[in-house]
**Q** 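Before anything else, here's the structure in question.
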Amino acid sequence: MDVHQIAEIFFETAEFLEMKGENPFKVRAYDKAARVIDGLAKPVEYYAEKGELESIPGIGKSIAEKITEILKTGKCRYHEDLKKEFPPAILTLMNIQGLGPKKAYVLYKEMKIGSVEELEKAAREGKLRDLKGFGRKTEENILKGIEMAKSQGGRLLIGTALPMAEEIIAHLKKLPEVRAISEAGSLRRRRETIGDIDILVASSESKPIMEAFVRLPIVKEILAKGDTKASVLTAENLQVDLRVVSPESYGAALQYFTGSKEHNIKLRTMAEAMGYKINEYGVFRVKDNKKIAGETEESVYKVLGLQMIPPEIRESGEEIKAAQKGEIPRLVAMEDIKGDLHVHSHWSDGVNTFEELAGQAQSMGYEYIGLSDHSQSLKVAKGLTPERMKKQGKEIDELNKKFKNFTILKGVELDILPDGKLDFEDELLEKLDVVTASVHSNFKQDKKTITGRLCSACKNPNVDIIGHPSGRIMGQRDGYEVDWDEFLKTAARTETAVEINSFPERLDLRDTYCKELKDMGGKVTINTDAHNVHHFAWMKFGVSVARRGWLEDKDVLNTYSKDKLLKWLKSRKEK
DNA sequence: GCCGTTTTCGGCCCGACTGTTTTCAGTCG
């Protein structure tokens with residue numbers, strides 16, 4: 001059973017319970033359990049088989065039993081019973097901005113409204129304004145919310161959201177009142193998709209900033225505007241939230257608005273036990289309400305006895321335990337990257353010449369690129385035959401003679417064929433510097449077959465890297481089915497690196513699997529899969545994924561110098 | 001419902017904004 005389906009059952013359970021006015025902490029327990037399950041790196045079955053479900057933080061006896069039940073029957077009795085109490089589409093009401101469980105429940109109880117269509121009709125007829133807790137304004141907002149929900153296409157890729165945020169920040173930065181500014185929220189944590197853009201400003205004068213913000217050219221509509229906080233909607237129906245705090249509170253506010261929710265709850269609970277209180281204005285000593293930290297983020301963590309925790313790993317709370325023990329590693333960073341091992345040229349489906357690619361890579365400070373045009377089977381991408389490979393190799397050799405302190409490594413993106421065989425013979429592969437093997441065909445095969453294809457590629461000593469291992473393209477397709485535990489173990493054991501593909505739609509290997517692979521002793525490479533020179537810029541998204549997966553420079557092959565990399569590649573073949 | 005170098009019972013993060021109220025509940029992050 002897919003973890004997301006299990007998580008969904010608990011998400012819904014939480015929402016039903018909240019509508020019914022159940023104990024809010026019980027609601028939160030289900031909500032938390034759902035989020036925890038959704039983020040598990042190992043399959044739930046792994047814990048269930050070992051009887052270790054309750055060892056997962058946030059999962060206790062009751063929810064563990066329900067997970068077991070779901071794994072066995074596909075359903076949860078408790079959830080099914082709750083579902084029966086409401087019309088089938090009632091939860092969709094809560095997708096409407098401004099409508100939460102309480103109002104949704106009133107709508108159902110008083111007017112038998114159970115779907116967005118019924119809600120829209122009632123609102124248009126002016127029937128909502130007389131309900132308790134509702135009014136004309138609420139009715140208007142509901143209609144607006146319905147329009148928004150209709151036109152909104154869900155979450156945005158970080159590759160889309162980050163440039164938008166950077167543009168807004170660049171605009172606001174010009175204001176003389178702005179002392180400091182940063183993105184916050186899931187964007188700053190560099191999640192792969194973003195629900196809305198959060199921006200935080202430090203200033204002693206919030207008013208002119210709020211005014212300038214709501215008048216930005218991108219703003220289509222102002223959703224809310226107070227003294228220090230405003231929300232707007234862009235023409236693309238993306239919500240942007242701005243918060244202004246005084247410079248003395250900037251660090252505390254940045255910490256607070258970066259989240260995650262889970263991380264903040266853990267941090268605040270911990271602070272309370274130490275006699276402190278944290279809010280977005282600072283850390284305060286409870287006994288005399290004296291502020292003891294808050295100007296910088298570092299100060300907030302320091303006063304709690306914690307190492308500074310990078311935003312990318314502020315998720316489950318596990319990072320807080322590590323920070324207490326001083327075990328937060330120095331995460332890999334853009335400046336560590338010394339090359340890109342997955343690059344296409346005009347020889348296959350890329351557009352640039354070797355010289356152009358090399359020039360761009362050199363301008364980024366790289367020592368090398370690994371040229372990896374497609375192999376012969378991928379005919380739609382002008383895959384190279386062995387003859388063309390040989391010819392390409394010669395051209396690269398010639399070109400390399402002209403470079404100083406830069407090298408094009410000879411390589412290929414080798415198709416893993418449907419039967420698990422590879423697209424080139426070993427004697428050709430042996431002559432290459434670096435071989436990336438990828439699945440490009442027969443995505444519908446079952447999990448065992450696909451996993452077998454990936455693992456048999458790992459077992460060939462001539463294969464150095466597995467490219468975009470899940471095959472997903474966010475917003476387009478889910479990717480093929482992989483037994484991750486088996487695949488990652490095989491990759492680690494055979495010392496085959498796994499690629500983090502930096503294409504914003506791919507970001508594949510994903511963060512949670514990075515951490516799992518690291519724990520198994522495996523290595524990754526962070527590559528762009530560039531098909532033109534501009535794609536090199538996407539490296540930063542791959543680096544973010546690696547950081548979210550707690551990876552250090554030693555875990556990432558392309559942080560190695562050229563000599564160290566070649567030595568590593570050679571040594572693993574000899575084993 | 002979960003959890004415990006205070007606890008197996010009694011807690012559970014915290015504040016801004018809105019709209020409906022006449023002091024506050026609901027929603028959001």
Side-chain angles (χ1 to χ4, degrees), chain A residues 10 13-15 17-19 21-36 53-67 78 93-107 128-142 144-145 184-189 194-200 206 210 222-231 239-245 249 252-253 255-284 286 317 321 324:
Chain A
F10 291 126
T13 302
E15 288 186 314
L17 292 174
E18 198 172 10
M19 270 200 289
E22 259 283 3
N23 175 359
F25 299 107
K26 184 170 168 178
V27 173
R28 192 202 283 169
Y30 276 103
D31 188 67
K32 183 182 169 184
R35 273 181 290 128
V36 167
L53 285 169
E54 286 182 55
S55 72
I56 305 169
I59 308 291
K61 189 164 175 288
S62 169
I63 293 184
E65 276 170 11
K66 291 187 176 76
I67 295 172
Y78 185 57
L93 292 184
M94 281 184 260
N95 296 335
I96 308 299
Q97 172 106 271
L99 258 192
K102 297 285 190 253
K103 283 201 161 70
Y105 189 63
V106 171
L107 288 169
L128 301 183
R129 61 187 69 163
D130 298 326
L131 286 172
K132 188 166 180 281
F134 288 64
R136 275 174 178 279
K137 196 82 195 179
T138 311
E139 203 171 69
E140 267 174 44
N141 285 339
I142 285 175
K144 261 192 221 166
S186 56
L187 186 61
R188 184 158 179 253
R189 300 201 312 279
I194 306 298
D196 57 21
I197 292 177
D198 295 306
I199 292 172
L200 180 73
S206 70
M210 304 300 281
I222 302 167
L223 297 174
K225 179 169 167 262
D227 291 339
T228 62
K229 194 177 159 182
S231 296
Q239 186 172 326
V240 185
D241 296 338
L242 175 78
R243 182 72 187 262
V244 180
V245 297
S249 301
Q255 192 290 314
Y256 172 60
F257 290 111
T258 297
S260 67
K261 189 176 167 184
E262 203 63 39
H263 176 88
N264 284 358
I265 290 174
K266 286 255 163 65
L267 208 65
R268 286 174 186 217
T269 309
M270 189 189 141
E272 199 192 0
M274 297 168 76
Y276 302 138
K277 193 181 93 140
I278 308 180
N279 56 28
E280 59 260 57
Y281 303 111
V283 183
F284 299 86
V286 173
K321 280 183 199 151
Q324 272 173 325

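A note on names: the letters A, B, ... follow the listed sequences, proteins ahead of strands, and every chain is numbered from 1. All values below were derived from every heavy atom in this structure, side-chain atoms included, with hydrogens, water molecules and symmetry-related copies excluded. This is a predicted model, so every value here is computed, not measured.
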**Q** If you measure from the P atom in dG19(B) to the same atom in dG10(B), how many Å do you get, rounded?
**A**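 One P to the other, the span is 41 Å.
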
**Q** Indicate, with a heavy-atom threshold strictly under 4.0 Å, whether Lys32(A) touches base, sugar-phosphate, or nothing.
**A**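 The residue Lys32(A) makes no contact with any strand.
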
**Q** Would you mind classifying the nucleic acid contact of Leu99(A) as base, sugar-phosphate or nothing, using non-hydrogen atoms under 4.0 angstrom?
**A**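 The answer is sugar-phosphate, as Leu99(A) gets under 4.0 Å only of primed atoms, P, OP1 or OP2.
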
**Q** Measure CD/Gln239(A) against C1'/dC17(B) and give the value in whole Å, please.
**A**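 Taking CD of Gln239(A) and C1' of dC17(B), I get 12 Å after rounding.
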
**Q** Pairing donors with acceptors under 3.5 angstrom, does anything connect the side chains of Gln255(A) and Asn264(A)?
**A**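 Their side chains do contain a donor-acceptor pair, which is all the 3.5 Å distance test asks for.
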
**Q** When you compare dT20(B) with dC14(B), how far apart are their C1' atoms, in angstrom units rounded to a whole number?
**A**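 Looking at atom C1' only, dT20(B) and dC14(B) are 23 Å apart.
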
**Q** Heavy atoms from C-beta onward define the side chain here; which of dC28(B), dT18(B), dC14(B) lies closest to that of Ala224(A)?
**A**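 Of the options given, the side chain of Ala224(A) lies nearest dT18(B).
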
**Q** Just checking Lys266(A): base, sugar-phosphate only, or nothing, at a heavy-atom cut-off of under 4.0 Å?
**A**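 Touches nothing.
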
**Q** Within this structure, what is the CD1-CG distance for the pair Ile197(A) and Leu242(A), rounded to the nearest 0.5 Å?
**A**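 Rounded to the nearest 0.5 Å, the CD1-CG separation comes to 12.0 Å.
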
**Q** Say we look at dG1(B) and dT6(B): how far apart would their P atoms be, to the nearest angstrom?
**A**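 It comes out at 28 Å once rounded to the nearest Å.
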
**Q** Pick the C1' atom in dT8(B) and in dC2(B), then give their distance to the nearest Å.
**A**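 dT8(B) and dC2(B) have their C1' atoms separated by 12 Å.
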
**Q** Between Asp241(A) and Gly135(A), who's closer to the 5' end of DNA chain B by nearest nucleotide?
**A**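 In this pair, the answer is Gly135(A).
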
**Q** Roughly how many Å is it from OH in Tyr281(A) to P in dC13(B), rounded to a whole number?
**A**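 Atom OH in Tyr281(A) sits about 19 Å away from atom P in dC13(B).
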
**Q** Output yes when at least one side-chain N/O atom of Asn279(A) is less than 4.0 Å from OP1 or OP2 of dG15(B), else no.
**A**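 Yes.
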
**Q** From the list dC14(B), dG1(B), dT6(B), which nucleotide is the closest neighbour of the side chain of Arg268(A)?
**A**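 For Arg268(A), the side-chain atoms sit closest to dC14(B).
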
**Q** Which is true for Pro101(A) with a 4.0 Å heavy-atom rule: it touches a base, it touches only sugar-phosphate, or it touches nothing?
**A**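 Result for Pro101(A) = sugar-phosphate.
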
**Q** Using atom NZ of Lys137(A) as one end and atom P of dT18(B) as the other, report the distance to the nearest whole Å.
**A**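 For the pair Lys137(A) NZ and dT18(B) P, the rounded distance is 10 Å.
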
**Q** Considering only the C1' atoms, how many Å lie between dT21(B) and dC17(B), rounded to the nearest integer?
**A**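 It works out to 15 Å between them.
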
**Q** CZ/Phe257(A) to CG/Asp198(A) distance, rounded to the nearest 0.5 angstrom?
**A**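 One finds 8.5 Å between CZ of Phe257(A) and CG of Asp198(A).
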
**Q** Between dG11(B) and dA16(B), how far apart are the P atoms? Round to whole Å, please.
**A**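 Pairwise P distance, dA16(B) against dG11(B), rounds to 25 Å.
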
**Q** With distance as the sole criterion, do the side chain of Asn141(A) and the base of dG19(B) form a donor-acceptor contact below 3.5 Å?
**A**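 Under the 3.5 Å cut-off, the side chain and the base do not form any donor-acceptor pair.
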
**Q** For Arg136(A), I'd like to know if atom CZ has over 12 heavy atoms of other residues, nucleotides or ligands within 6.0 Å.
**A**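 At most 12 heavy atoms, drawn from other residues, nucleotides or ligands, come within 6.0 Å of this atom.
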
**Q** For the C1' atoms, the ones on dC13(B) and on dC3(B), what distance do you get once it is rounded to whole angstrom?
**A**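 Going atom to atom, C1' in each nucleotide, I get 16 Å.
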
**Q** Between Glu272(A) and Thr138(A), which is nearer to the 5' end of DNA chain B once each is assigned its nearest nucleotide?
**A**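 The residue mapped nearer the 5' terminus is Glu272(A).
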
**Q** Any side-chain N or O of Lys61(A) below 4.0 angstrom from OP1/OP2 of dT8(B)?
**A**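 Indeed not, no polar side-chain atom of Lys61(A) lies that close.
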
**Q** Which one is paired to dG4(B), where only Watson-Crick or G-U wobble pairs with both distances under 3.5 angstrom count?
**A**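 The answer is dC9(B), by the H-bond criterion.
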
**Q** Between dC13(B) and Arg28(A), is there an OP1 or OP2 to side-chain N/O distance shorter than 4.0 Å?
**A**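 It does, given that an N or O in the side chain of Arg28(A) lies less than 4.0 Å from OP1 or OP2 of dC13(B).
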
**Q** Between Leu242(A) (CG) and dC17(B) (C1'), how many Å, whole number?
**A**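 Result: 14 Å.
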
**Q** Are Ser62(A) and dG1(B) close enough that a side-chain N or O sits under 4.0 Å from OP1 or OP2?
**A**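 Looking at the OP1 and OP2 atoms of dG1(B), one of them is under 4.0 Å from a side-chain N or O of Ser62(A).
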
**Q** Please determine if a side-chain N or O atom of Ser231(A) lies less than 4.0 Å away from the OP1 or OP2 oxygen of dC17(B).
**A**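 For dC17(B), OP1/OP2 do not have a side-chain N/O of Ser231(A) under 4.0 Å.
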
**Q** Taking NE2 from His263(A) and C1' from dC14(B), how many angstroms apart are they, rounded to a whole number?
**A**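 Computing the His263(A):NE2 to dC14(B):C1' distance gives 15 Å.
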
**Q** Figure out the CD1/C1' separation between Ile67(A) and dC2(B), and round it to whole Å.
**A**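 Whole-Å distance recorded here is 13 Å.
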
**Q** Among dG1(B), dA16(B), dT18(B), which nucleotide sits nearest the side chain of Phe25(A)?
**A**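 So the nucleotide nearest the side chain must be dG1(B).
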
**Q** For Glu280(A) and dC28(B), give me the distance from atom CD to atom C1', rounded to whole Å.
**A**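 Between C1' of dC28(B) and CD of Glu280(A): 13 Å.
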
**Q** Take Tyr256(A) and Leu200(A), measure what side-chain contact (heavy atoms from CB on, under 4.5 Å) needs, and give me the verdict at the end.
**A** CA-CA 10 Å; Tyr256(A) 172 60; Leu200(A) 180 73; over 6 Å; no

**Q** Of all the choices, dC2(B), dC17(B), dT27(B), which nucleotide is nearest to the side chain of Lys103(A) once you look at every atom?
**A**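 Selected nucleotide (nearest to the side chain): dT27(B).
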
**Q** Contact class for Phe134(A) (heavy atom, under 4.0 Å): base, sugar-phosphate, or nothing?
**A**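 Contact class for Phe134(A): sugar-phosphate only.
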
**Q** Categorize Asp196(A) for me: base, sugar-phosphate, or nothing, with a 4.0 angstrom heavy-atom threshold over every strand shown.
**A**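 Answer is sugar-phosphate: Asp196(A) comes under 4.0 Å of backbone atoms only.
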
**Q** Tyr30(A) and side chain to side chain donor-acceptor pair (under 3.5 Å): which single residue from Glu15(A), Glu22(A), Lys66(A) fits?
**A**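 Only one of Glu15(A), Glu22(A), Lys66(A) forms a side chain to side chain donor-acceptor pair (under 3.5 Å) with Tyr30(A), namely Lys66(A).
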
**Q** Can a side chain N or O of Thr228(A) be found less than 4.0 Å away from OP1 or OP2 on dC17(B)?
**A**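 Yes, within the criterion.
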
**Q** Looking at Glu272(A) and Arg268(A), is any side-chain nitrogen of the basic one under 4.0 Å from a carboxylate oxygen of the acidic one?
**A**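 Not counted as a salt bridge, because no side-chain N and carboxylate O are separated by less than 4.0 Å.
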
**Q** Which pair of non-hydrogen atoms, one from Ala104(A) and one from Leu99(A), has the smallest distance, and what is that distance?
**A**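 Scanning both residues, the minimum pair turns out to be N-CD2, 4.3 Å.
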
**Q** Without decimals, in angstroms, what is the distance between Lys229(A) NZ and dC28(B) C1'?
**A**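 It works out to 6 Å between those atoms.
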
